[in-house]
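The structure appears right after this line, and notes come after that.
Along the sequence shown, residues are numbered consecutively beginning with 1. The shown structure was predicted, so the numbers you read here are calculated from the model rather than taken from an experiment.
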Amino acid sequence: VVDQILFDGSRAIGVRYKKRGRVREERTSGEVILSAGALASPTVLMRSGLGPPEQLNRHGISVVHHLDGVGKNLQENPIAFPGAFVNVSTHNTELTPYRFVKHGLNWLLFGKGPAAGPVAHAGAFIRTRPDQESRPDVQLQLFPGIYASEPGTPVKFLERPGVLVGVNACRPQSCSEIQLRSPNPDDPPRINSNLFSDPDDLERTIAGCRVVREIFAARAFAPYFEEEFLPGPGVQTDAEYEQFLRFSTLPAYHPVGTCKMGIGDDAVVDERLRVLGVEGLRVVDASVMPVIPSANTNAPTIMVAERASDLILEDRPLESVGSD
């Protein structure tokens with residue numbers, strides 16, 4: 001567990017971390033590369049004295065450099081899950097102990113069966129406002145299983161077969177924030193989530209849910225459809241959809257932006273991913289993205305890492321590269 005980055009003046013010289021209950025330190029004459037992700041990287045920076053002074057002072061952390069943008073600009077796809085009961089077997093009905101072993105062996109021996117497939121079996125990008133948008137603004141993902149849960153409770157798989165369709169706005173405008181809960185690295189950060197603080201994100205998600213309802217009612221789906229599970233036929237108006245979404249919408253595990261790359265007052269890293277105001281420190285993960293990508297964040301994060309590897313090599317002193 002990384003506690004903080006160590007500095008000599010304004011230069012990063014190593015890291016302090018805990019392993020098996022012992023506090024350890026590692027030093028470097030080169031660079032420190034921080035790659036803890038959009039949720040953890042800003043907390044490491046703040047514990048190291050880089051961030052908004054009011055937050056650092058609140059937790060008794062000495063300010064190494066004033067960076068207002070650390071932890072700000074948290075962008076995330078809100079994802080809702082309208083669903084329907086169907087008349088064919090789905091993943092949730094296959095999770096009995098006997099079938100679990102059967103499908104596991106089928107995958108292990110032959111690479112086939114439910115265990116060999118991804119969680120989302122089909123996807124689509126749609127335009128909810130064809131008269132205004134030239135590119136898709138909502139992503140749909142079909143999950144061949146159904147479950148019920150409430151915020152703060154474990155997921156409960158239902159015994160009746162069904163499907164869920166993940167609906168998320170591609171380019172949400174809402175911004176959230178990561179804050180320190182305490183200077184203790186074992187304490188999780190405080191995530192101030194504002195998934196629908198921008199009304200446009202809510203409107204697009206509602207529109208996407210309405211498209212899913214049309215898909216459930218389509219002729220091609222009719223042989224499998226039994227009844228709508230979520231949000232249920234009683235939800236019709238925008239106000240009813242809003243109530244459903246504000247209760248059930250989750251983050252899609254696509255957090256970005258908390259160590260934003262740029263040149264403004266809220267920027268944290270420059271165009272070469274170097275942390276502003278200090279030396280010998282780079283951030284390489286999805287936190288540097290100033291704007292969330294239109295689709296899933298996995299491939300763009302790999303791209304950031306590939307580009308960063310080139311930048312790191314380009315900036316290394318010649319004497320550290322070696323004769324070959």
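Using a 4.5 Å heavy-atom threshold, the side chains of Arg27 and Leu6 count as touching. Two residues are said to be in side-chain contact when any heavy atoms from C-beta on lie closer than 4.5 Å; Arg160 and Glu226 meet this criterion.
Side-chain contact of Ser89 with Thr93: a donor-acceptor pair under 3.5 Å is present, judged by distance alone.
In this structure, Asp201 has no salt bridge (charged side-chain N to carboxylate O under 4.0 Å, His left out) partners at least two apart in sequence or on a different chain. Under the rule for a salt bridge (charged side-chain N to carboxylate O under 4.0 Å, His left out), Arg307 has no partner lying at least two apart in sequence or in another chain. By the ring-ring contact (aromatic ring centres under 6.0 Å, His included) test, Tyr241 is found to be paired with no residue, residues two or more places apart in sequence or in another chain being considered. Scored by the salt bridge (charged side-chain N to carboxylate O under 4.0 Å, His left out) test, Asp8 finds no partners at all (sequence neighbours excluded). Evaluation of the ring-ring contact (aromatic ring centres under 6.0 Å, His included) rule for Tyr253 yields no partner, not counting sequence neighbours. Residues satisfying the ring-ring contact (aromatic ring centres under 6.0 Å, His included) criterion with His254, sequence neighbours excluded, are absent altogether. Contacts of Asp198 classified as salt bridge (charged side-chain N to carboxylate O under 4.0 Å, His left out), with partners at least two apart in sequence or in another chain: none. Residues passing the side chain to side chain contact (heavy atoms under 4.5 Å, CB included) test with Asp186, sequence neighbours excluded: Val1, Lys18, Asn184. Partners of Phe196 according to the ring-ring contact (aromatic ring centres under 6.0 Å, His included) rule, which considers only residues two or more places apart in sequence or in another chain, do not exist here.
Pairs of residues two or more places apart, or lying in two chains, that qualify as side chain to side chain donor-acceptor pair (under 3.5 Å) and include a residue from residues 49-67 are His66-Asp68. The side chain to side chain donor-acceptor pair (under 3.5 Å) contacts involving residues 271-284 comprise Glu31-Arg282, Asp270-Arg274, Arg272-Glu314, Arg272-Asp315, Arg282-Asp315, where partners must be two or more places apart or lie in separate chains.
Residue Ile215 is found in a hydrophobic cluster whose other members, listed by chain and number, are Val86, Val88, Ile126, Val138, Leu140, Leu142, Val163, Val165, Val167, Val211, Val212, Phe216, Phe221, Tyr224, Phe225; membership requires side-chain heavy atoms under 4.5 Å apart, directly or through intermediates.
Ring centers of His103 and His91: at least 6.0 Å apart, outside the cut-off.
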